[in-house]
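What follows is a set of notes on a single structure, which appears directly below.
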Amino acid sequence: MSDAASPPPLHHLPDQDSAFDIVLRLVKLAWPGSLASILTFVQNTVLLVFLGMFGGDAAVSAVGVGIAVLMVTALAFGWGCNSVLDTLVAQEYGRNPLSPKMGHDAKLALLCATIIAVGNSLMHVTVTPTILTMLFPLRPVLVHDVSCFLSSTGPFVMGSLFAHCLSKFCCNQRRPDIPSIAASASSALSVPIYFLALRGGGSWLLVQAGSAMGVVLFLQVVISFILIESGEEIRIAFDGLRMNFRWSSSVRPFLKYALASTPLVAGEAIAFNVVIIMSSWLPPAENEAYIIRANVGDIMFAVIWGISSAINALVGNAIGDQRPVLARHSTWIGLSVALAFASLNAICYGIFWRPITSAFTSSPETMDAAERLRPAFMLYHIFDMMQFVCVGVFCAIGKNHIGSMICVGCLWIFGLPLTFFALFWLHVTVVGFTLAFTASLVVAVGVYGTVLKVTDFNEVVKTQTRESNAMRDAEMQGR
């Protein structure tokens with residue numbers, strides 16, 4: 001609880017912290033975030049459907065490769081910067097739901113997103129074509145198509161990072177309905193926008209695809225801004241167009257957590273894309289089965305994304321409200337709920353794998369590979385989702401740097417070399433390939449859980465409160 005000498009917070013979390021109450025709050029916060037994530041996936045699906053209709057398989061392949069490139073060069077790093085809000089905004093909301101500091105942190109994240117998007121665009125019109133030529137020397141048509149697509153994706157990258165930032169800002173203030181409504185509206189508008197942009201086909205099809213993606217994402221951003229400004233507490237917290245660039249009270253704390261969060265979030269996302277790229281060395285049928293697994297995993301991931309965002313908010317809010325017991329209970333109950341949903345997702349896939357896979361392919365060889373992959377994929381999915389939720393918890397409690405070390409050690413130092421060795425030296429099948437990387441996820445979840453078990457949440461609250469007070473003192477001195 002708050003110290004007697006400290007001003008009471010402007011809002012109070014419920015005094016009861018029973019498992020039932022925490023689960024109810026978790027579900028209430030989770031489902032809008034899951035819906036927003038599902039609708040974002042729907043937008044990508046609509047784009048690929050129209051590309052297949054008007055541009056054929058070559059256009060779909062070029063956009064698929066292009067998005068993977070954007071993930072490695074921009075999106076993963078932008079997500080890392082935005083994850084700062086899981087620490088700063090979530091905890092600040094627990095202290096004071098009207099604090100304009102939350103809005104200033106969000107605007108610093110938007111500024112970082114702008115810098116990343118501009119730098120990414122410059123790179124893709126200068127050096128990326130040369131790099132793609134070196135990677136795909138025997139596929140000049142693919143290099144040309146991917147380069148054309150990437151040349152028009154600057155607005156898409158910026159819009160995607162802006163939408164992600166505003167989603168983090170809202171969810172950590174217990175307003176997941178805002179990104180959900182914005183994603184619903186932009187998903188509905190994406191159908192006519194993609195159809196009108198792509199129906200002509202032609203040599204500019206891929207450029208038009210990248211531009212149309214940017215339009216859809218910026219519509220989502222505009223709708224989010226409108227909803228934020230029409231709110232009450234959240235409008236005050238966003239604080240309009242005002243910015244706080246004071247080094248000691250705003251910029252330095254933001255950079256501190258950004259530098260710690262980026263290896264954690266970006267390292268995780270890039271590692272999974274590296275594994276997908278490595279799967280291209282599997283036999284064609286097994287590679288197709290693995291790619292289908294990745295696409296199905298994205299759909300299943302949407303549900304867990306909302307649960308993870310809800311856990312981040314509950315734990316961070318409790319830390320800011322100086323309630324270590326509630327923070328600890330929210331962490332473990334949230335992880336239990338996430339495990340239940342991840343297991344349910346995996347079981348559903350295990351039961352309905354055949355109709356799910358047949359929606360992507362009719363090849364008997366691919367269906368056979370998918371059947372052999374099924375048990376390994378179910379195990380992979382459970383531990384993949386759990387390590388993702390653990391990443392969010394470490395951000396919420398301000399232990400971003402420890403999470404980064406675990407991520408780099410388990411996924412990059414252990415997981416990727418093991419997967420590479422299994423594929424190129426042991427020549428394993430798609431099942432062995434999947435299990436090799438799953439082993440690193442199992443280790444990561446075990447290490448994350450062990451660290452959380454020995455974490456003293458009372459000490460976490462004291463540390464985060466002390467840092468917050470120091471920032472307020474610096475703010476007062478600056479004035």
Side-chain angles (χ1 to χ4, degrees), residues 13-14 17-38 79 82-94 164 167-177 179-180 257 261 264-265 268 300-321 323-345 381-400 402-403 406-407 441 444-445 448-453 455 457 460-461 464:
L13 298 172
D17 53 358
S18 67
F20 181 74
D21 290 329
I22 293 175
V23 170
L24 282 182
R25 294 200 295 272
L26 180 64
V27 172
K28 180 180 178 181
L29 291 174
W31 76 262
S34 296
L35 177 61
S37 184
I38 292 171
W79 293 347
N82 290 342
S83 294
V84 174
L85 305 183
D86 287 334
T87 306
L88 298 179
V89 172
Q91 293 184 12
E92 187 66 20
Y93 182 79
H164 184 260
S167 177
K168 291 280 188 184
F169 175 74
C170 295
C171 289
N172 282 306
Q173 295 186 68
R174 304 193 177 198
R175 290 297 308 273
D177 56 302
S180 178
Y257 286 107
S261 297
L264 175 59
V265 178
E268 180 218 19
M300 298 164 70
F301 173 84
V303 176
I304 300 297
W305 192 92
I307 294 174
S308 177
S309 297
I311 296 172
N312 294 352
L314 290 179
V315 175
N317 293 169
I319 294 292
D321 204 22
R323 301 192 65 185
V325 174
L326 181 59
R328 179 166 55 82
H329 287 176
S330 298
T331 295
W332 290 108
I333 292 172
L335 290 174
S336 301
V337 171
L339 177 60
F341 273 92
S343 301
L344 180 62
N345 278 350
H381 173 74
I382 292 172
F383 284 96
D384 176 25
M385 296 299 97
M386 291 308 299
Q387 68 84 30
F388 174 77
V389 174
C390 288
V391 165
V393 172
F394 273 78
C395 290
I397 65 176
K399 299 288 186 180
N400 318 56
I402 297 178
I406 297 173
C407 173
L441 299 177
V445 171
Y448 282 131
T450 301
V451 173
L452 285 174
K453 184 175 178 61
T455 296
F457 279 82
V460 169
V461 167
Q464 296 301 311

Does any non-hydrogen side-chain atom of Cys390 lie less than 4.5 Å from one of Leu335?
-> yes
Give the ring-plane orientation class for Phe388 versus Phe301, where under 30° counts as parallel, over 60° as perpendicular and anything between as tilted.
-> perpendicular
Contact check, side chains of Arg25 and Arg174, non-hydrogen atoms, under 4.5 Å | yes
At their closest point, which heavy atom of Ile333 faces which heavy atom of Ala19, and how far apart are they?
-> CD1-CA, 3.5 Å
Would you say the side chain of Trp305 lies within less than 4.5 Å of the side chain of Ile38, judging by non-hydrogen atoms?
-> no
Under 6.0 Å from the CH2 atom of Trp332, do we count more than 12 heavy atoms belonging to anything else shown?
-> yes
Given side chains that start at C-beta, do those of Phe169 and Pro179 come closer than 4.5 Å, heavy atoms only?
-> no
Please examine the side chains of Val391 and Ile406, heavy atoms only from C-beta on, and report whether any two atoms are closer than 4.5 Å.
-> no
Show your reasoning for whether side chain to side chain contact (heavy atoms under 4.5 Å, CB included) applies to Leu264 and Cys395.
-> CA-CA 9 Å; Leu264 175 59; Cys395 290; 3.9 Å; yes
Atom CE in Met385, atom CG in Leu441: separation rounded to 0.5 Å?
-> 9.0 Å
4.5 Å side-chain heavy-atom contact, Asp321 and Leu326 = no
Contact check, side chains of Glu92 and Asn172, non-hydrogen atoms, under 4.5 Å = no
Considering only heavy atoms from C-beta outward, does the side chain of Leu339 approach that of Ile382 to under 4.5 Å?
-> yes
For His381 and Asn345 the tightest heavy-atom approach is NE2-CB, 3.4 Å
Checking Val445, Asn312, Ile304, Val337 against Val389 for side-chain contact (heavy atoms from CB on, under 4.5 Å), the one that qualifies is Ile304
Are the side chain of Ser37 and the backbone N or O of Gly33 linked by a donor-acceptor pair below 3.5 Å?
-> no
Once you round to the nearest 0.5 Å, how far does NE2 of His329 lie from CG of Leu314?
-> 13.5 Å
With rounding to the nearest 0.5 Å, note down the distance linking CG in Asn317 to CG in Leu29.
-> 8.5 Å
What are the two closest non-hydrogen atoms of Asn400 and Thr87, and how far apart are they?
-> ND2-OG1, 3.2 Å
Working to the nearest 0.5 Å, report the span between OG of Ser343 and CE of Met386.
-> 8.5 Å
Between Ser180 and Pro176, is there a donor-acceptor pair closer than 3.5 Å when you use the side chain of the first and the backbone of the second?
-> no
Mind running side chain to side chain contact (heavy atoms under 4.5 Å, CB included) on Tyr257 and Asp86 for me, showing each step along the way?
-> CA-CA 10 Å; Tyr257 286 107; Asp86 287 334; over 6 Å; no
Criterion side chain to side chain contact (heavy atoms under 4.5 Å, CB included) on Leu452 and Lys399, from CA distance to verdict = CA-CA 10 Å; Leu452 285 174; Lys399 299 288 186 180; over 6 Å; no
Determine, step by step, whether Phe457 and Thr331 satisfy the side chain to side chain contact (heavy atoms under 4.5 Å, CB included) criterion, reporting the C-alpha distance in whole Å, the side-chain angles of both residues, the deciding distance to 0.1 Å, and the verdict.
-> CA-CA 10 Å; Phe457 279 82; Thr331 295; 3.7 Å; yes
Gly403 versus Phe394, closest heavy-atom pair with distance = N-CD2, 3.8 Å
Taking Gln91 for the side chain and Ala396 for the main chain, is one N or O donor matched with an acceptor at less than 3.5 Å?
-> yes
